[in-house]
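Convention: sequence-line order gives letters A, B, ...; per-chain numbering from 1.
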Amino acid sequence: MLDIKLFRETPDLVREALRKRGMDPAPVDEVIKLDTLRRDLIREVEGLKAERNRASKEIGRTKDKAERQAKIDAMRAVGDQISQLDEQLRQVQGQLNDLMATFPNIPDARVPLGADESENVVLRTVGEPRRPDFKVQPHWDLGPALGIINFEQGVKMTGSRFYVLSGAGARLQRALIAWMLDLHIRQGYTEKYTPFMVKSDTMFAAGELPKFQANMYKDHEEDLWMVPTAEVPLTGLHMGEILDGADLPLRYTAYTPCFRREKMSAGRDVRGIKRGHQFDKVEMYIYCRPEDADAELEKMLADAEQTCAELGLTYRIVQLCTGDLGEKAQITYDIEVWSPGVEEWLEVSSVSCVGDFQARRAGVRYRPEGEKRTRYPYTLNGSGLGLPRTLIAILENYQQPDGSVIVPEVLRPWMGGIEVIR
RNA sequence: GGAGGGAUGGCCGAGUGGACGAAGGCGCCUGUCUUGAAAACAGGUUAGGGUCUCCCCUACGCGGGUUCGAAUCCCGCUCCCUCCGCCA
């Protein structure tokens with residue numbers, strides 16, 4: 001949610017932001033119109049309410065029967081007028097809220113202009129893409145051959161794009177989760193275990209509703225949604241709270257499964273475990289003062305990078321252009337790891353600053369030290385790596401000519417002595 | 001799933017139609033006193049909104065309703081507690 005003041009005071013800035021994202025700036029004028037109407041109504045109805053409050057107190061003091069009745073009769077009309085205006089105001093307010101909720105965040109000035117993902121900018125590459133001289137099997141062949149991924153069983157019980165991890169495969173994923181959480185704790189994040197289902201309010205707060213309704217799973221009887229990312233419950237954690245400025249920044253990490261109900265287009269990433277309706281992820285999330293956001297963004301990116309580096313993976317940092325930038329984000333860096341089996345750069349992490357966009361929706365505020373007024377904190381989120389893709393990269397990068405897979409050093413403490421999966 | 005009780009400010013807790021944004025207490029802040037602190041005393045201490053240093057409006061779990069006027073009455077919902085049932 002954007003600040004209504006931006007529309008009042010600097011509407012051109014909002015229009016420009018929409019154009020950069022390739023969107024129509026026309027709704028800005030609609031907001032201004034509704035906001036003006038809203039404030040006109042407020043002034044009118046509040047004047048009447050003030051009058052009513054004054055008169056009502058007088059009525060309470062009036063002893064004379066006839067005089068009292070006369071005053072009551074006079075006020076009855078005012079009361080009707082008030083309820084009429086209140087109703088009108090409610091409608092206008094509702095329209096304005098609905099409209100405001102549809103605006104994407106304003107891209108940071110540093111974000112390069114571009115129409116779509118083809119115009120994203122590779123900032124740097126760390127390591128050399130591995131291209132072994134033997135034929136690297138893609139994970140969808142290797143996994144079943146090693147008996148650690150079973151696609152048929154997943155499809156049998158649930159449907160396409162579901163799979164079962166088995167034995168060392170399941171264990172490898174669990175090792176990754178445990179190792180990543182421990183790493184993030186060392187980096188200064190507090191671990192949270194959260195609900196995997198949340199109410200509509202929480203989905204709205206995180207910016208998933210109303211726009212991405214079609215991409216999420218819902219229990220219609222209970223009005224509960226399955227989280228598409230841990231970012232959702234980590235945003236919900238402090239809904240409606242006023243945080244103490246001295247406590248910022250708050251840094252959290254959480255493991256959750258993620259559920260996404262995408263209309264999977266035929267032919268796109270259909271093979272393997274790259275894109276499923278259910279996947280696991282370890283997430284980082286930060287609440288900070290606006291003035292600290294740049295430093296925190298750098299930290300989070302460095303923290304996510306460290307994950308790739310310690311796993312010994314070749315990766316590159318990609319800055320998203322305005323046309324590819326997510327709805328909520330002001331600025332986003334993707335981390336992609338090279339995987340020689342699928343022969344592509346896999347997006348394993350996306351690190352974003354969303355400004356006060358989510359805090360505003362969630363009603364999370366903080367009181368700067370020594371100040372009376374409250375402000376909205378900035379929030380940042382980033383994956384400490386999505387697991388299926390990290391798993392793909394490990395299976396394909398650590399593959400030996402004989403089809404066995406070496407377990408990365410850092411994961412071995414969780415692998416019960418397994419150094420090679422064969 | 002069934003029966004009953006409850007939800008008031010940072011916390012405890014009063015309030016059953018008008019003087020209540022809300023008694024009293026605790027906590028916190030400021031001042032007086034003190035060499036300093038404590039104690040005592042005095043004052044202050046919610047958030048959001050409006051043409052916003054004054055002033056006005058809104059909010060007593062949430063949403064409706066009754067009324068000139070609602071923390072207080074009515075309806076619906078949510079959450080918490082107790083008991084019964086069921087359950088990993």
Looking only at atom [atom1], what distance separates [N] and [M], rounded to whole Å?
N     : M     : atom1 : result
B:C79 : B:U67 : P     : 32 Å
B:A22 : B:G9  : P     : 14 Å
B:G27 : B:C20 : P     : 26 Å
B:C52 : B:G64 : P     : 28 Å
B:A7  : B:C11 : C1'   : 15 Å
B:A71 : B:U8  : C1'   : 7 Å
B:C74 : B:G6  : P     : 13 Å
B:A47 : B:A37 : C1'   : 35 Å

Atom [atom1] of [X] and atom [atom2] of [N]: how far apart are they, to the nearest Å?
X        : N     : atom1 : atom2 : result
A:Ile82  : B:U66 : CD1   : P     : 14 Å
A:Gln93  : B:G63 : CD    : P     : 13 Å
A:Lys57  : B:G18 : NZ    : P     : 13 Å
A:Leu41  : B:C57 : CG    : P     : 18 Å
A:Glu369 : B:C29 : CD    : P     : 15 Å
A:Asp86  : B:G65 : CG    : C1'   : 14 Å
A:Glu51  : B:C68 : CD    : P     : 15 Å
A:Leu85  : B:U58 : CG    : C1'   : 16 Å

**Request:** For B:C68, take OP1 and OP2 only and decide whether either is under 4.0 Å from a side-chain N or O of A:Arg76.
**Result:** yes

**Below 4.0 Å: OP1/OP2 of B:G69 and any side-chain N or O of A:Asn53** =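 For B:G69, OP1/OP2 do not have a side-chain N/O of A:Asn53 under 4.0 Å.
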
**Request:** Using side-chain contact (heavy atoms from CB on, under 4.5 Å) as the criterion, list what pairs up with A:Gln213, not counting sequence neighbours.
**Result:** A:Leu209, A:Trp225

**Asked** Which residues satisfy the side-chain contact (heavy atoms from CB on, under 4.5 Å) test with A:Pro195, sequence neighbours excluded?
**Response** none

**Request:** Would you please name every residue forming a ring pair (Phe, Tyr, Trp, His ring centres under 6.0 Å) with A:Tyr217, sequence neighbours left out?
**Result:**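 Expected list: none.
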
Run the side-chain donor-acceptor check on residues 144-154 of chain A: report pairs under 3.5 Å with partners two or more places apart or on a different chain.
unit_1   : atom_1 : unit_2   : atom_2 : d
A:Asn150 : OD1    : A:Glu152 : N      : 3.0
A:Asn150 : OD1    : A:Gln153 : N      : 2.8
A:Asn150 : ND2    : A:Gln153 : OE1    : 3.3

**Message:** If you assign A:Lys199 and A:Arg90 each to the RNA chain B nucleotide with the nearest heavy atom, which residue ends up on the more 5' nucleotide?
**Reply:**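 Counting from the 5' end, the first nearest nucleotide belongs to A:Arg90.
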
**Prompt:** Given that A:Gly47 and A:Glu222 both sit by RNA chain B, which one's nearest nucleotide is further toward the 5' end?
**Reply:**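 Counting from the 5' end, the first nearest nucleotide belongs to A:Glu222.
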
**Request:** Check whether the ring centres of A:His184 and A:Tyr285 lie less than 6.0 Å apart, and answer yes or no.
**Result:**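 Judged by ring-centre distance (under 6.0 Å), A:His184 and A:Tyr285 do not meet the cut-off.
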
**Request:** May I ask you to check whether A:Phe259 and A:His277 place their ring centers less than 6.0 Å from one another?
**Result:** no

Categorize [X] for me: base, sugar-phosphate, or nothing, with a 4.0 angstrom heavy-atom threshold over every strand shown.
X       : result
A:Arg68 : base
A:Lys49 : sugar-phosphate
A:Ala55 : nothing

**Message:** Assess, by modelled atom type and distance only, whether the side chains of A:Asp280 and A:Tyr255 contain a donor and an acceptor separated by less than 3.5 Å.
**Reply:**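 Checked: A:Asp280/A:Tyr255 side chains pair up, N/O donor to acceptor below 3.5 Å.
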
**Residue pair A:Lys281 / A:Thr256, side-chain donor-acceptor N/O under 3.5 Å** =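 On atom types as modelled, these side chains do not qualify, holding no pair under 3.5 Å.
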
**Item:** Option passing side chain to side chain contact (heavy atoms under 4.5 Å, CB included) with A:Leu380 (candidates A:Val354, A:Leu301, A:Leu297, A:Ile331)
**Value:**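 Of A:Val354, A:Leu301, A:Leu297, A:Ile331, side chain to side chain contact (heavy atoms under 4.5 Å, CB included) with A:Leu380 is met by A:Leu297 alone.
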
**Item:** Side-chain donor/acceptor of A:Arg54 to base of B:G18, under 3.5 Å
**Value:**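 Under the 3.5 Å cut-off, the side chain and the base do not form any donor-acceptor pair.
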
**Request:** Taking only Lys NZ, Arg NE, NH1 and NH2, and the carboxylate oxygens of Asp or Glu, determine whether A:Glu16 and A:Arg19 approach each other closer than 4.0 Å.
**Result:** yes

**Complete:** For RNA chain B, the dot-bracket notation using Watson-Crick and G-U wobble pairs below 3.5 Å, [ ] for pseudoknot-type crossings and | for other-strand pairs, is ((((((((.[[[..)..(.....]]]((((((.......))))))(((((....))))).[[[[[..)....]]]]])))))))....

**Complete:** B/S/- along nucleotides 45-51 of chain B (protein heavy atoms under 4.0 Å) is --SSBSB

**Message:** Please evaluate residues A:Asp223 and A:Lys218 with respect to the criterion salt bridge (charged side-chain N to carboxylate O under 4.0 Å, His left out), reporting the C-alpha separation (whole Å), side-chain torsions for both, the decisive distance (0.1 Å), and the verdict.
**Reply:** CA-CA 7 Å; A:Asp223 186 35; A:Lys218 186 184 188 189; 3.2 Å; yes

